[in-house]
Amino acid sequence: MLNIKNLHKSFGQNEVLKGIDANIKQGEVVVVIGPSGSGKSTFLRCLNLLETPTQGTITFEGQNITDKNVDINKIREKMGMVFQNFNLFPHKTVLENITISPIQVKKEKPDVAKQTALELLEKVGLADKANAYPASLSGGQKQRVAIARALAMKPDVMLFDEPTSALDPEMVGEVLGVMQSLAQDGMTMVIVTHEMGFAREVADRVIFMADGYIQEEGTPEQIFTAPTNERTQDFLGKVL
Ligand code: ADP
Ligand code: MG
């Protein structure tokens, strides 16, 4: 589904990604871990071109999306993204937050978009919050709305950038639970997280990034119980 070849990204003199090669298969759940500042967010943002790579190619569903002639907005519609800080529209209800893109971007009929939104709210356990405003929701609820909003565009892949990092500890589980059920439904997902228990349980593959490279990747079993790379060992020694 996604093929990343020799991906480089610099901010001025600061080369953050120094040549990343990776493949994400349909239905795969890939968790990206690594120290703060190692380029995990930059990597994720390059995948849907929120950042423009300085070198390398990204092929998505057979199309080279780093090509200048590509319609970035069409590509982004197929890639749902969930951020650390929810980014909900504060002056719109939960339902409006979820239906706005399907209606405005995908030209769905409002009643169709609404029906989909209600089903998605059911799925994330917030059927009773359709008419609430974001300010009245807890962090965990906001993040579940953000996930529903991304799903409303019927993406082929979901990208998550530390979706639980801004949450109080008691709300982490409800968001991870929604993500786990998405994984079970077969959604293709790339997830940056520090939740090692989740990674262990849900990931098909774990990628460890540091110093601008993928240092090591493997099954959760391999990475968490028998990492071979010294940087991985050092990192896991600190976080586990
Ligand atoms: P991580 O998500 O692993 O913590 P990031 O991808 O956010 O790492 O950041 C990696 C490096 O890139 C950091 O040194 C950060 O300061 C830099 N960086 C990220 N985004 C920008 C930007 N928009 N402009 C300049 N530097 C950036
Ligand atoms: Mg980050």
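Whatever order the structure lists ligands and atoms in, that order sets their numbers, starting from 1. On a predicted model such as this, the values are computed, not experimentally measured, just so you know.
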Rounded distance (nearest 0.5 Å) linking atom CD1 of I58 with atom SG of C46: 5.5 Å
Within a reach of under 6.0 Å around [atom1] of [X], are more than 12 heavy atoms found that belong to other residues, nucleotides or ligands?
X: Q26; atom1: CD; answer: no
X: E170; atom1: CD; answer: yes
X: K25; atom1: NZ; answer: no

Starting from [atom], find the nearest protein heavy-atom neighbour and note its residue, name and distance.
atom: atom 24 (N) of ligand 1; answer: F11 CD2, 3.4 Å
atom: atom 8 (O) of ligand 1; answer: G39 N, 3.1 Å
atom: atom 14 (O) of ligand 1; answer: N14 ND2, 3.5 Å
atom: atom 13 (C) of ligand 1; answer: G37 O, 4.2 Å
atom: atom 7 (O) of ligand 1; answer: S41 CB, 3.7 Å

Contact with ligand 1 for P35, non-hydrogen, under 4.0 angstrom: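 It does; at least one heavy atom falls under 4.0 Å.
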Close approach of G34 to ligand 1, heavy atoms, under 4.0 angstrom: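 It does not, in that no heavy atom of G34 comes within the 4.0 Å cut-off of ligand 1.
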Shortest reach to atom 11 (C) of ligand 1 by a heavy atom, considering only I33, V16, L17, V32: V16
Atom 16 (O) of ligand 1 touched by protein (heavy atom, under 4.0 Å): no
Ligand 1-proximal atoms of T42, by part, heavy-atom distance under 4.0 Å: both
For S38, the ligand 1 atoms whose distance to one of its heavy atoms is below 4.0 Å: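 What qualifies from ligand 1 is 1 (P), 3 (O), 8 (O).
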From CA spacing to verdict: salt bridge (Lys or Arg N to Asp or Glu O under 4.0 Å), K114, E96: CA-CA 8 Å; K114 181 179 173 186; E96 289 163 349; over 6 Å; no
Any N85 side-chain heavy atom under 4.5 Å of N87 side chain: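 Result yes, sub-4.5 Å side-chain heavy-atom pair found.
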Side chain to side chain, K123 and E119, heavy atoms closer than 4.5 Å: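 Counting from C-beta outward, K123 and E119 never come under 4.5 Å.
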Face-on cation placement of R231 at Y213 ring, 6.0 Å and 45° thresholds: no
Short N/O/S contact of Q84 with the Mg ion (ligand 2) (below 2.8 Å): no
